[in-house]
There are 2 protein chains.
Amino acid sequence: MPVINKQKTTKSTNQSRNSEATRNQLLDAAEAEFAVTGLIAARMEAIAAQTGVTKATIYYYFQSKEELYQAMLERCLVGMLGLAEQLQLDCLPPDAALVKLLATMLQCMSENPHVGSILCLEAVQNKGKYYPKQLGNILYGTIIEILERGMLSGAFRQLEPRHTAVNIVGTCSFYFTAQENLKYLWPGKRLLGKELLQSHTQESIDLIMAGVRN
Amino acid sequence: MPVINKQKTTKSTNQSRNSEATRNQLLDAAEAEFAVTGLIAARMEAIAAQTGVTKATIYYYFQSKEELYQAMLERCLVGMLGLAEQLQLDCLPPDAALVKLLATMLQCMSENPHVGSILCLEAVQNKGKYYPKQLGNILYGTIIEILERGMLSGAFRQLEPRHTAVNIVGTCSFYFTAQENLKYLWPGKRLLGKELLQSHTQESIDLIMAGVRN
DNA sequence: GTCTATAACCTGATAGAC
DNA sequence: GTCTATCAGGTTATAGAC
């Protein structure tokens, strides 16, 4: 069992070229690749090349393409979820809570445009097979809670919370997921540039808030 | 040149197994396949099998996988565009025009859920390379016109028409594109069933109309 | 028009050297 | 840990029979 020898605590540094870093770089490259192609069409060769290693190295860290995909998906969504908890939305009145959540979701999508594509591809290609429903329930649950609080307090009109939550997430993600089809609407401008991003954020929040308020 | 012999006009019927029908069946099967996998990951074998022919037959009708994809995409979007013109939205006041357009888009998406996935995959995978921008401009142009008319007449509040148009299309497509990720929100119910579809349509129209009205 | 057979290539995954 | 080399299987596309 020479494996034990490799993990001696006395020399935790210098495991050749740093195991943890390589693993993360592989997940970064996998995220970029899977976000464009989806699981089936992704090429292990491309992920390896972008990381600067060979295919065989990937299989040292992950058992299969499928496992790499699942690890990437989990890391990607766990980050998203940290948001909802950090925001402390329960302490805010429903109106302010929804504005804050919308702003955060839009910022999150703009900082990591992969996330929208990955979820979209997961739904379309894999029929949600690898989608962690628990994570989805937390995201939508947060929105639904705010909407129900708002209806009770009279701040929001009477609406069906689940359908409205879906429409809210849709509004927050479409601009980023479909950006390559939308770029013709703003010739010469960058959809993720400061100017367009700022006005899109404002317009989206205004539309949703006007849509739910009483 | 025995080819000429095969095309004699005296017997225009019975070209073995009807050329036009096979072509359309191939486009149907291609639509179903491309809508799930996208261009790269689609398998010609699968399209052939679903049509009941062999791969070689596809290459008799289409020069390449890419050409089949483009033909599928065009047929798919031209159908969408026929809608906007048939609706005669210019004759209606902006409020009624937008409601009618929303209802039509949502119905179109529910009758052919492929359309949302195909456009999404085209954006994400191919970066809009094959997306006919002309068609996109017409769809978004129609919405933008209604919004501008509404702002002038005072029916709608002051908003940025392009961003709002994008958000409207996003709202109309997300439920259908991401349905496989959303199904956990309604356990035991079919997202495309009559009940959920009807309430989703109503809620979406209400949200958007409340969002744009003055 | 549609088939069978095959060419030429690409991809996931493994074995074994270093 | 990372590499080279390789296998087995699958893919697009074409050639030629019927």
Side-chain angles (χ1 to χ4, degrees), chain A residues 1-8 11-30 33-34 36-72 125-126 130, chain B residues 1-9 11-27 29-30 33-34 36-72 125-126 130:
Chain A
M1 277 184 154
V3 179
I4 293 175
N5 226 12
K6 283 194 177 181
Q7 295 184 337
K8 40 175 143 177
K11 270 201 176 181
S12 71
T13 54
N14 196 14
Q15 315 96 308
S16 224
R17 290 170 187 92
N18 192 343
S19 166
E20 197 63 33
T22 308
R23 205 188 128 94
N24 275 324
Q25 284 169 24
L26 280 171
L27 284 172
D28 288 339
E33 173 78 1
F34 285 128
V36 172
T37 63
L39 173 57
I40 338 167
R43 291 170 310 129
M44 299 294 269
E45 173 69 44
I47 297 171
Q50 202 177 337
T51 315
V53 297
T54 61
K55 277 187 294 180
T57 303
I58 301 183
Y59 287 94
Y60 173 81
Y61 285 94
F62 302 94
Q63 276 195 342
S64 64
K65 186 184 185 181
E66 192 181 350
E67 199 189 282
L68 173 61
Y69 177 75
Q70 284 178 303
M72 176 282 303
Q125 286 189 341
N126 309 327
Y130 305 97
Chain B
M1 276 184 156
V3 179
I4 292 174
N5 227 12
K6 282 195 177 181
Q7 295 185 335
K8 42 174 141 178
T9 50
K11 269 199 174 180
S12 72
T13 56
N14 196 15
Q15 318 94 306
S16 224
R17 290 169 187 93
N18 193 343
S19 164
E20 196 62 34
T22 308
R23 204 187 129 94
N24 274 324
Q25 284 169 25
L26 280 172
L27 284 173
E33 173 78 0
F34 285 126
V36 173
T37 63
L39 172 57
I40 337 169
R43 291 171 309 129
M44 299 294 268
E45 173 68 43
I47 296 170
Q50 202 177 338
T51 314
V53 298
T54 60
K55 278 184 294 180
T57 304
I58 301 183
Y59 287 95
Y60 173 81
Y61 286 94
F62 302 93
Q63 276 195 341
S64 64
K65 187 185 185 181
E66 192 181 351
E67 198 190 282
L68 172 62
Y69 178 74
Q70 282 178 303
M72 177 281 304
Q125 285 189 340
N126 310 326
Y130 305 97

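Since this is a predicted model, take the numbers as computed values, not measurements. By convention in this document, chain letters (A, B, ...) are assigned in the order of the sequence lines, proteins followed by strands, and residues within each chain are numbered from 1.
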Short heteroatom pairs, N/O only, protein and nucleotides 4-9 of chain C, under 3.5 Å:
none

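Phosphate proximity of D:dG1 to A:T22: absent, as no side-chain N or O sits under 4.0 Å from OP1 or OP2. Between A:Y59 and C:dA13, a side-chain N or O to OP1/OP2 separation shorter than 4.0 Å is present. Close to C:dT14, at under 4.0 Å from its OP1 or OP2, lies no side-chain N or O of A:Y60.
The CD1 atom of B:I40 sits 15 Å away from the P atom of C:dC10 (whole-angstrom rounding). Counting to the nearest Å, the C1' atom of C:dT2 and the CZ atom of B:R23 are 17 Å from each other. Atoms CD (A:E45) and P (C:dA13) sit 14 Å apart, rounded to a whole Å. In this structure, OH of A:Y69 is placed 17 Å from C1' of C:dG12, rounded to the nearest angstrom. Rounded to whole Å, the distance from CD1 on B:I58 to P on C:dC3 is 10 Å. Atom-to-atom, CD of A:E33 to C1' of C:dT11 comes out at 12 Å; the value is rounded to the nearest Å. One can place CG of B:N18 at 14 Å from C1' of C:dT2, the figure rounded to the nearest angstrom. Summarising the geometry, the separation between CG on B:L39 and P on D:dT11 is reported as 15 Å, rounded to the nearest angstrom.
Of all nucleotides listed (D:dG1, C:dA13, D:dT11), C:dA13 comes nearest to the side chain of A:K65. Closest approach to the A:T57 side chain among D:dG1, D:dC3, D:dT12 is made by D:dC3 (side chain taken as heavy atoms from C-beta onward). Nearest nucleotide to the B:Y61 side chain, out of C:dG12, C:dA13, C:dT2: C:dT2.
In this structure A:Y69 satisfies the ring pair (Phe, Tyr, Trp, His ring centres under 6.0 Å) test together with A:F34, A:Y130, sequence neighbours excluded.
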- Task: Using the side-chain contact (heavy atoms from CB on, under 4.5 Å) rule, take B:Y60 and B:L26 through it: C-alpha gap first, then chi angles, then the decisive distance, then the call.
- Result: CA-CA 11 Å; B:Y60 173 81; B:L26 280 172; over 6 Å; no

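Interatomic distance, B:I58 CD1 to B:T22 OG1, rounded to the nearest 0.5 Å: 11.5 Å. Note: A:T37 OG1 to A:I47 CD1 = 7.5 Å, rounded to the nearest 0.5 Å. To the nearest 0.5 Å, the span separating CD on B:Q63 from CG on B:L68 amounts to 12.0 Å.
Counting only heavy atoms from C-beta outward, the side chains of A:L27 and A:F62 approach each other to under 4.5 Å.
Here the closest non-hydrogen pair linking B:I40 and B:K65 is O-NZ, 2.8 Å.
When heavy atoms are screened at a 4.0 angstrom cut-off, B:A41 is found touching no nucleic acid atom at all.
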